[in-house]
Protein chains: 2
Amino acid sequence: MFEAAELGHTIDKGQYDQELPGLREALLDAQFDLASAQRPFPVIIIIAGMDGAGKSATVNTLNEWMDPRHIETHGLTEPSEEEQERPHMWRFWRQLPPAGKMGIFDSCWYNWPIMERAAGRIKGARMDQSLERVARFEKMLIDEGALILKFWLHLSKANQKKRLKKLESDPLTRWRVSPQDWKHYAKYEHYRDAAQRALANTSTGEAPWTVVEATDSRYVRLTVGTVLLERLRNRLDQPAPPAPPAPVPYTASVDGRTLLGALDLSQRLAKPDYERELGQLQGRLNQLTRTKAFQKHNVVLVFEGVDAAGKGGGIRRITQAIDARTYNIFPTAAPTEEERSQPYLWRFWRNLPRQGRMAIFDRSWYGRVLVERVEGFCAEADWRRAYGEINDFEEQMARSGTLVVKFWLAISREEQLRRFEERQNTRFKRFKITPEDWRNRDKWDLYEAAIGEMLERTSTATAPWTLVPSEDKHSGRIRILQTLCQRLEAL
Amino acid sequence: MFEAAELGHTIDKGQYDQELPGLREALLDAQFDLASAQRPFPVIIIIAGMDGAGKSATVNTLNEWMDPRHIETHGLTEPSEEEQERPHMWRFWRQLPPAGKMGIFDSCWYNWPIMERAAGRIKGARMDQSLERVARFEKMLIDEGALILKFWLHLSKANQKKRLKKLESDPLTRWRVSPQDWKHYAKYEHYRDAAQRALANTSTGEAPWTVVEATDSRYVRLTVGTVLLERLRNRLDQPAPPAPPAPVPYTASVDGRTLLGALDLSQRLAKPDYERELGQLQGRLNQLTRTKAFQKHNVVLVFEGVDAAGKGGGIRRITQAIDARTYNIFPTAAPTEEERSQPYLWRFWRNLPRQGRMAIFDRSWYGRVLVERVEGFCAEADWRRAYGEINDFEEQMARSGTLVVKFWLAISREEQLRRFEERQNTRFKRFKITPEDWRNRDKWDLYEAAIGEMLERTSTATAPWTLVPSEDKHSGRIRILQTLCQRLEAL
């Protein structure tokens with residue numbers, strides 16, 4: 001894989017000076033076309049490679065050649081305390097460029113698997129697992145429209161030594177060489193093998209790696225610039241994205257029995273019993289948010305349900321019981337312009353809580369497979385792939401110690417009608433009912449099919465759904481509090 | 001994931017008897033349409049699930065309902081000695097149905113990861129790695145045109161116990177329950193969790209899992225039949241496969257330096273030296289094929305090179321030295337009809353050697369990214385994805401203990417002309433030169449670009465390319481024998 005990058009590639013100064021002006025102009029044109037495109041897309045450029053290969057110099061060059069107002073650059077830094085408390089990929093989600101812009105990353109999500117493997121801290125299987133997650137992540141970005149370019153700046157062992165010595169000998173560049181670099185050099189073969197494995201596992205048809213010999217900086221710059229220009233132009237000049245293949249049909253149960261249909265909605269809880277239990281549960285919940293275990297975990301609550309199912313009331317019974325500094329509520333409405341220029345899950349990633357905090361989502365990422373599916377706000381291929389993406393998302397949360405509790409609040413069609421009418425007839429509740437609610441109600445059957453498929457495909461061992469019969473508000477709220485207390489106790 | 005399959009799904013006899021005739025007729029129609037389709041495709045049906053869930057009964061039902069002449073059924077058996085000596089997936093490649101036919105598999109490639117994980121013999125990372133390989137394999141099959149259906153027959157713990165007891169109580173079915181089954185039952189939760197992980201990791205948009213509650217056999221049969229019919233019809237009735245997205249452009253080096261171009265073709269070896277070295281190396285090679293290490297490994301040699309580069313001569317210098325029972329030579333010509341009805345790599349998988357044997361491929365799977373690419377015998381998307389598929393293929397070989405040695409025999413354009421003319425002017429060599437050779441020669445530059453990309457993308461740590469300067473036949477042959485001896489010595 002690296003043989004062609006040990007040939008001694010060079011570009012002499014004459015050729016470089018001759019080609020550079022045209023290349024820079026073409027890159028600026030492409031950058032402008034990207035920003036003003038009818039369907040703009042984000043461009044993610046990853047510069048990875050051997051120590052001393054000139055990664056940051058390359059990043060600087062790209063900034064110098066193009067308009068830096070449309071470029072976001074992200075060096076390789078240690079994760080902050082904030083970042084360490086969240087899932088591994090959270091820091092990269094924060095850094096994703098919006099559509100129309102470029103993000104240039106030093107190593108980013110490739111740093112961890114390659115470094116850990118080269119240092120022998122993880123085994124091959126663990127590395128492959130990590131790379132597989134990276135590949136899924138990039139696949140999602142590509143499905144969401146991103147253009148991804150990946151460059152590996154390669155040095156042979158002899159050339160790495162030469163480069164490090166040269167940097168050390170110059171007082172102006174001495175700071176670039178750390179004892180760490182020489183330690184890595186001593187284990188050169190481990191780094192090379194780990195890099196080779198990473199590149200082989202993640203070089204896909206849509207996001208292949210470009211391996212660049214890094215001994216001659218003119219060669220590096222011209223290669224990176226040329227490849228970037230080609231890929232940009234290729235994408236910009238494509239007429240329209242080709243139609244995705246027809247999705248696979250989904251068969252609900254042949255006997256018509258569904259999880260929702262099987263739910264017993266007849267439970268009732270009398271007011272005095274409700275008030276007694278509510279008080280006890282809220283006290284228990286309050287205690288549970290003051291434990292050491294709670295401080296070490298992040299908690300994510302998801303409330304989903306048809307209109308008027310009682311999501312707000314359920315959430316209030318929780319927040320009444322706990323310190324206001326402990327939680328945030330995120331109502332999920334139509335995405336903002338900023339959110340629309342990012343991958344679908346971006347607006348939920350940004351709101352993931354720190355340790356010892358609880359994020360409560362009043363509606364959530366499940367909108368993709370519910371309202372967006374039923375109303376046709378996204379293509380069928382988009383909501384079909386969302387099941388897998390959501391499972392990956394929740395699995396990443398769970399793996400990093402986040403407790404994910406998902407509630408589906410279920411009411412009957414008749415009860416919904418009763419509540420709608422009550423809202424319409426009660427002055428202070430009237431703001432809660434809109435013509436849209438009535439329109440959604442007309443699509444009850446379509447929603448029911450979508451809900452069924454959602455519950456089946458996204459109830460996982462790490463993040464199961466809790467179905468809450470909410471025909472009776474009292475018993476529904478008690479069920480929610482009980483479930484939350486049990487899950488917190490199990491931390 | 002399994003909640004919806006614990007609802008007590010049933011179909012009563014009346015409904016079943018009413019729906020069955022129509023379903024069977026429609027399935028037979030679809031099967032006939034598949035066999036006579038203009039673009040036939042293979043159908044792969046995987047029936048997996050809990051012990052006692054009725055997997056084999058379901059397989060039998062499908063055979064009963066449809067025309068068994070177009071169905072191949074593969075039960076779950078221990079791998080044979082032949083199979084154990086080859087890469088893990090070899091046995092499944094053998095069993096793949098050709099285009100126009102159906103293959104029904106009991107658990108197949110899902111059995112190993114689920115069983116090993118449930119029994120605690122492998123860790124989660126190892127399981128994910130294995131499932132990732134399965135997902136890549138299925139992706140390749142789908143890219144090659146296959147339709148894949150995956151059914152998981154689920155039983156709750158209580159129902160599994162009931163089912164096993166019932167089978168035991170009947171003398172006619174008692175044989176179906178083994179002590180093994182009860183052992184698995186005792187670890188029910190482990191099996192369920194492992195299955196859940198397997199399903200979540202491999203439920204893709206193109207090949208999703210269908211989870212079927214397996215307590216009522218009528219429900220199982222009707223579900224499997226209905227889903228199969230829907231998926232078959234959906235695929236058969238699609239007009240034409242949608243165009244794949246435009247492939248990513250590839251940039252060769254910006255300084256025009258290439259691996260091939262950098263090769264020193266000026267080496268010469270005088271005849272007396274050649275003959276002395278040849279004798280020594282052939283003796284050494286012969287010894288190396290008689291070692292214990294050789295008996296425990298499979299050896300695969302790949303010879304590639306432009307026309308008249310000396311592949312045949314190189315191969316003969318090897319086979320002269322070793323026992324004829326040790327090797328097979330596979331010249332790679334146009335695929336047979338049987339081979340064309342299978343995925344591209346099938347014809348190479350079938351010829352993988354047993355332990356202690358050597359398979360010599362005179363041209364190989366690299367035809368996909370050489371002649372097929374240059375001559376336009378396949379779509380660009382097909383040869384683009386082939387790099388990754390080939391790397392997976394060779395990695396699987398290496399992992400199972402196969403030594404893969406790949407030679408690229410390089411000659412200059414002028415030397416090729418000299419050899420062509422010699423062939424034309426020598427009576428006994430004239431059969432070796434055809435008008436096609438001359439045509440290929442006209443496309444030298446296109447081939448050179450394809451060779452360059454191939455060498456870069458498929459030279460991996462486990463299966464590196466050896467570039468053999470063959471301008472001088474003597475030194476080329478010596479280089480081949482030296483390389484082979486060194487690789488065998490390192491076993």
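Here is the naming used below: chain letters follow the sequence lines, and residue numbers restart at 1 for every chain.
Interface residue B:Arg457: backbone and side-chain heavy atoms are both found under 4.5 Å from chain A. The contact between A:Arg133 and chain B is made entirely by side chain atoms (from C-beta outward), counting heavy-atom distances below 4.5 Å. Looking at B:Asp12, there are no atoms closer than 4.5 Å to chain A (heavy atoms on both sides), in backbone or side chain. Contact annotation for A:Arg385: neither backbone nor side-chain heavy atoms come within less than 4.5 Å of a heavy atom of chain B. Neither the backbone nor the side chain of A:Asp216 comes within less than 4.5 Å of any heavy atom of chain B. A:Glu3 touches chain B through backbone and side chain together, each having a heavy atom under 4.5 Å away. In this structure, chain B has a heavy atom under 4.5 Å from the side chain of A:Arg197, while its backbone stays farther away. In this structure, the portions of A:Val211 lying under 4.5 Å from any heavy atom of chain B include both its backbone and its side chain. Contacts of A:Arg257 with chain B are made by both backbone and side-chain atoms, with heavy-atom separations under 4.5 Å.
Options A:Thr204, A:Leu455, A:Val254 differ in how many heavy-atom pairs under 4.5 Å they form with chain B, and the most are formed by A:Val254. The residue among B:Arg126, B:Gln15, B:Glu230 with the most heavy atom pairs within less than 4.5 Å of chain A is B:Glu230. Heavy-atom pairs under 4.5 Å with chain A were tallied for B:Met127, B:Lys123, B:Arg136; the largest tally goes to B:Arg136. Top candidate by heavy-atom pairs under 4.5 Å with chain B, chosen from A:Asn201, A:Leu199, A:Leu467, is A:Asn201. Contacts with chain B were tallied for A:Gly261, A:Ala5, A:Ser253, A:Gly388; A:Ser253 has the most, counting heavy-atom pairs under 4.5 Å. The candidate with the highest count of non-hydrogen atom pairs below 4.5 Å against chain B, out of A:Leu259, A:Asp255, A:Thr258, is A:Asp255. Of the listed residues B:Gln196, B:His9, B:Glu132, the one with more heavy-atom pairs under 4.5 angstrom with chain A than any other is B:His9. Among B:Asp193, B:Leu260, B:Ile122, B:Thr460, the residue with the largest count of heavy-atom pairs under 4.5 Å with chain A is B:Thr460. Annotation: maximal heavy-atom pairing with chain B below 4.5 Å, among A:Gly205, A:Ala4, A:Gly256, occurs at A:Ala4. Chain A forms more heavy-atom pairs under 4.5 Å with one residue of B:Ala135, B:Gly8, B:Gly452, B:Ser203 than with any other, namely B:Gly8. Of the listed residues (B:Pro208, B:Ala200, B:Pro464), the greatest number of heavy-atom pairs within a distance under 4.5 Å of chain A belongs to B:Pro208.
A:Trp112 and A:Ser130 form no side-chain donor-acceptor contact under 3.5 Å, judged by distance and modelled atom types alone. Remark: the A:Trp152 side chain and the A:Thr210 side chain contain no N/O donor-acceptor pair separated by less than 3.5 Å. A side-chain donor-acceptor contact under 3.5 Å links B:Thr202 and B:Trp209.
Judged by the 6.0 Å distance and 45° axis criteria, A:Arg368 is not positioned over the aromatic ring of A:Trp383.
Side-chain contact between B:Thr462 and B:Val404 is absent, with no heavy-atom pair separated by less than 4.5 Å.
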Between A:Gln238 and A:Asn234, is a side-chain hydrogen bond (donor to acceptor under 3.5 Å, both in side chains) present by the stated rule, with each step listed? CA-CA 6 Å; A:Gln238 266 170 39; A:Asn234 173 267; 3.3 Å; yes
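Here the straight-line distance linking atom CG of B:Asp143 with atom CE of B:Met140 works out to 9.0 Å at 0.5 Å rounding. The line from CD1 of B:Ile45 to OG1 of B:Thr58 is 11.5 Å long, rounded to the nearest 0.5 Å.
No more than 12 heavy-atom neighbours from other residues, nucleotides or ligands sit within 6.0 angstrom of CD on A:Gln18.
Contact between A:Tyr16 and A:Arg221 at its shortest, heavy atoms only, is OH-NH1, 2.8 Å. In this structure, B:Glu138 and B:Ala207 approach most closely via the heavy-atom pair OE1-CB, 4.2 Å.
Below 30°, between 30° and 60°, or above 60°: for B:His154 and B:Phe2 the angle between ring planes is below 30°, a parallel geometry.
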